[in-house]
Asker: 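Mind looking over this structure? Questions follow.
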Amino acid sequence: MSNAPVLLFLHGVGTGDPKDTWKTHLSESLGRIGHPDLDGVKVIAPKYAHALKGTDEKAPLPPITFDRLAGEKARINRREFERRTGAIEFRLGHQDQGNGYIGGDAGVGAAVNLRPFVQARNYLQDAAVRAQVLNRVLSKIPNEGEIVVVGHSLGSVIAADVISRLPKGVRVRGMVTIGSPLASETFGVDKLRDTLREPPSNLDWWVSFWDGIDPVAARRGVSSAFPWMIDFQVPTTTLNPKSAHQAVNYLSRDVVAEAIGFALFGSRSRDMVKSERSLDIPLNAAESISLLALRYAHLIIEGLEGEQKTKYAGAVRAAQAVVVETLKAHRVDSGDFIPNAIARLTVDLSDSESEAESPLPLTHLPKEEAVVPLVVLASENVILPFEIKIAPDKRQRAMENLTAELGLTTKFGEDLFAAAKAADKALAGGSAANLWIKWGVVGVGAVAIVVATGGLALAAGAGLAGAAALTSALAAFGPGGMIGGLLTAGALVTAGGGGIAFGLASPGTSPEALEAVVSRQVAAELLRKEQRLDRDPGVWSNLVATEIEVRRQIERLDEFSDPDSPTIKNLERKLTTLERALAALTKEGLTPAMGDEPEEEEKPKARGIRFAIQRR
């Protein structure tokens with residue numbers, strides 16, 4: 001594999017592993033998880049055990065060579081570094097910094113003075129030893145190209161020392177440290193923490209692994225010293241602290257091999273198989289609303305400028321990577337092929353030059369089916385978990401462009417935002433409050449609502465395939481994240497039956513969550529009226545049922561609770577919101593006509609969404 005970076009392994013104290021047993025274990029681990037082994041990789045594993053014992057040579061320390069960036073260049077470097085770090089964290093899982101243990105730092109510091117760790121003490125305290133080791137390591141590294149650095153124990157300290165002194169033409173594709181003592185101030189050799197206060201411009205990312213019983217790691221990650229890198233605790237496979245610290249113990253773990261393999265070879269072959277299995281097949285409900293959300297986000301980007309555009313585009317890129325991988329994983333797990341429209345949106349977060357492709361323009365969404373998904377998109381944060389405030393006029397312009405693409409004309413997007421503004425004003429008692437800017441309130445309260453409604457089992461009215469598809473997709477994805485949040489919001493807007501009333505009225509659901517749901521329901525009805533579409537009688541029924549349930553809750557609690565009870569105050573706030581919503585619908589002539597009310601045994605019908613979208 002001639003295009004793979006050079007692998008640099010830096011050993012810890014001891015003999016320096018003269019037989020390179022670390023290489024055998026790592027090669028086996030790489031093959032086991034689907035990466036190539038190390039046969040085609042150039043490996044540099046300098047031995048410096050003799051130098052660590054002491055030297056009479058007085059060679060100078062090699063100079064620091066990386067550029068110290070400032071101002072805009074520093075901000076750009078940090079942003080790109082965070083991009084790449086987010087990619088490796090997404091691949092490996094959430095980082096675990098650890099809490100350390102009482103006396104851990106002192107224990108690691110004291111160990112340096114013990115006989116077995118005399119080599120470490122020499123490196124930390126003897127400038128001549130340190131210079132000889134660094135010069136020996138640097139003499140083995142090529143003057144240009146890419147390298148992957150793996151440092152074990154004291155080798156992790158040497159690795160952190162080396163990256164600031166590499167030749168200008170060398171870039172570190174990734175650095176992996178294992179069993180590192182760098183969290184201890186004892187190992188902060190020559191103000192190393194100050195030198196690496198910010199990620200160096202020649203480093204793509206740095207991940208450090210620690211075992212829970214490794215005494216050298218002090219049960220703590222290295223990010224306590226270098227906050228810009230990330231830590232992962234690996235599961236303990238031994239009860240012996242000595243063997244827990246050994247390099248082969250770490251290199252035999254799949255997650256460690258995955259980090260090193262990703263740095264050397266990129267994505268594993270099975271990821272390529274997912275793309276090869278993509279076909280031009282119909283989108284399901286989750287994919288449809290996700291694709292609409294991503295298209296809307298890219299249209300917002302087009303209307304932005306300067307730093308805000310850069311930040312928003314970066315957030316869209318990161319959010320798109322997670323969304324697409326999640327959608328692909330669901331298809332693969334169920335044995336299905338991946339739609340081309342999804343596969344083409346894959347983002348390689350490990351490549352800082354890789355940009356997020358915009359979904360192709362969509363078309364052919366009937367007005368009746370467009371109301372709910374577009375009301376949801378206009379009111380939700382489509383770049384979760386990031387939050388960037390965008391001016392309403394820019395969001396409206398993007399929505400108008402989206403509705404034009406869907407064959408609905410820009411007037412539909414204009415009417416949508418007018419309906420949203422009117423709904424917000426009505427629920428705020430005539431003030432200019434904008435409830436739709438409270439991103440996340442539905443997401444925060446969604447779990448409580450979903451639980452209280454029995455999983456939103458009553459969300460789909462009889463015979464309405466769109467609402468049924470939403471609830472089915474919600475069951476698969478859950479209420480969390482961007483996809484789950486959009487599905488939850490859509491299901492709540494279309495919800496029917498007594499379950500949704502009980503869920504919204506429940507003390508476990510916040511007033512903000514109820515306000516967000518009700519504002520979307522009212523906005524949808526106002527939009528239907530403006531577009532001369534049939535109204536959804538289920539909205540009125542749900543609001544009335546919820547109002548009745550809230551009043552019941554107040555009566556039940558008021559008898560014995562304090563007058564200033566926070567729970568009662570919240571219920572009274574909910575009641576005010578519901579009364580204002582019903583008054584707004586009454587004012588607009590959207591009360592049920594005679595015969596419109598569903599019979600007792602019939603569930604209120606929700607206006608569903610088929611997501612019958614065709615791609616150009």
Side-chain angles (χ1 to χ4, degrees), residues 283-304 312-328 330 339 341-347 356-363 365 369-390 394-406 408 412-413 416-417 420 436-437 439-443 446 466 469-470 473-474 476-494 516 520 523-524 609-613 615:
L283 303 173
N284 59 35
E287 292 163 345
S288 295
I289 199 165
S290 298
L291 212 63
L292 277 174
L294 291 174
R295 182 61 183 168
Y296 179 47
H298 280 274
L299 290 172
I300 289 176
I301 293 174
E302 293 180 7
L304 303 179
Y312 196 85
V316 170
R317 180 177 181 271
Q320 181 168 321
V322 175
V323 167
V324 171
E325 288 304 317
T326 303
L327 294 173
K328 288 166 61 178
H330 273 262
I342 300 298
R344 65 175 296 274
L345 299 180
T346 300
V347 180
E357 292 286 339
S358 173
L360 296 174
L362 308 171
T363 186
L365 183 63
E369 298 170 15
V371 171
V372 170
L374 295 186
V375 163
V376 168
L377 291 187
S379 60
E380 291 299 307
N381 178 13
V382 295
I383 58 169
L384 279 174
F386 305 97
E387 294 187 5
I388 301 174
K389 188 174 181 180
I390 303 298
K394 294 186 182 297
R395 291 189 295 116
Q396 178 173 331
R397 179 60 61 84
M399 179 56 69
E400 290 174 357
N401 290 336
L402 180 62
T403 55
E405 290 179 355
L406 293 169
L408 304 171
F412 193 99
L416 192 164
F417 270 77
W436 285 28
I437 294 300
W439 285 331
V441 291
V442 173
L470 276 179
L474 179 58
F477 286 87
M482 192 188 96
I483 300 174
L486 293 174
L487 292 171
T488 301
L492 291 172
V493 172
T494 62
R520 288 151 179 76
I609 315 163
R610 288 205 317 260
F611 290 107
I613 301 174
R615 294 181 297 280

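Just so you know, residue 1 is the first one in the sequence shown, and it goes up from there.
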Asker: How long is the gap from CG on Leu416 to CZ on Arg395, to the nearest 0.5 Å?
Answerer: 10.5 Å

Asker: With sequence neighbours excluded, tell me which residues meet side-chain contact (heavy atoms from CB on, under 4.5 Å) with Arg397.
Answerer: Glu400, Asn401

Asker: What pairs meet the salt bridge (Lys or Arg N to Asp or Glu O under 4.0 Å) rule with one or both residues in residues 286-295, with sequence neighbours excluded?
Answerer: Glu287-Arg331, Arg295-Glu405

Asker: Are the side chains of Leu294 and Val382 in touch, meaning some heavy atoms are under 4.5 Å apart?
Answerer: no

Asker: What are the two closest heavy atoms between Ala523 and Ala420, and how far apart are they?
Answerer: CB-CA, 4.0 Å

Asker: What closest approach, in Å, do Ala313 and Ile301 show between heavy atoms, and which atom pair accounts for it?
Answerer: CA-CD1, 3.8 Å

Asker: Can you tell me how far CD1 of Ile289 sits from CG of Leu377, rounded to the nearest 0.5 angstrom?
Answerer: 5.5 Å

Asker: I want to check something: taking the side chain as every heavy atom from C-beta on, are Val347 and Val324 in contact at a cut-off of under 4.5 Å?
Answerer: no

Asker: Using 0.5 Å steps for rounding, measure from the OG atom of Ser290 to the CG atom of Leu327.
Answerer: 4.5 Å

Asker: Considering residues at least two apart in sequence or located in another chain, which fulfil the side-chain contact (heavy atoms from CB on, under 4.5 Å) criterion with Ala398?
Answerer: Tyr296, Leu299, Ile300

Asker: For Ala524 and Val375, work out which heavy atoms get closest and say how close.
Answerer: CA-CG2, 4.1 Å

Asker: Is any side-chain heavy atom of Leu402 less than 4.5 Å from a side-chain heavy atom of Phe412?
Answerer: no

Asker: Mind checking whether Leu374 and Leu408 have side chains closer than 4.5 Å, heavy atoms only?
Answerer: yes

Asker: Run the side-chain contact (heavy atoms from CB on, under 4.5 Å) test against Ala315 and tell me which residues pass, sequence neighbours left out.
Answerer: Ile383, Phe386, Ile388

Asker: Check salt bridge (Lys or Arg N to Asp or Glu O under 4.0 Å) between Glu357 and all other residues, then give those that pass, not counting sequence neighbours.
Answerer: Arg344

Asker: State, to 0.1 Å, how close Ala341 and Leu291 come at their nearest heavy-atom pair, and which atoms those are.
Answerer: O-CD1, 3.9 Å

Asker: Supply the atom-to-atom distance Lys389 NZ to Lys394 NZ, rounded to the nearest 0.5 angstrom.
Answerer: 14.0 Å

Asker: Using side-chain heavy atoms (C-beta onward) and a distance below 4.5 Å, is Glu380 in contact with Arg520?
Answerer: yes

Asker: Calculate, to the nearest 0.5 Å, the distance between atoms NE2 and CG belonging to His298 and Leu345 respectively.
Answerer: 7.0 Å

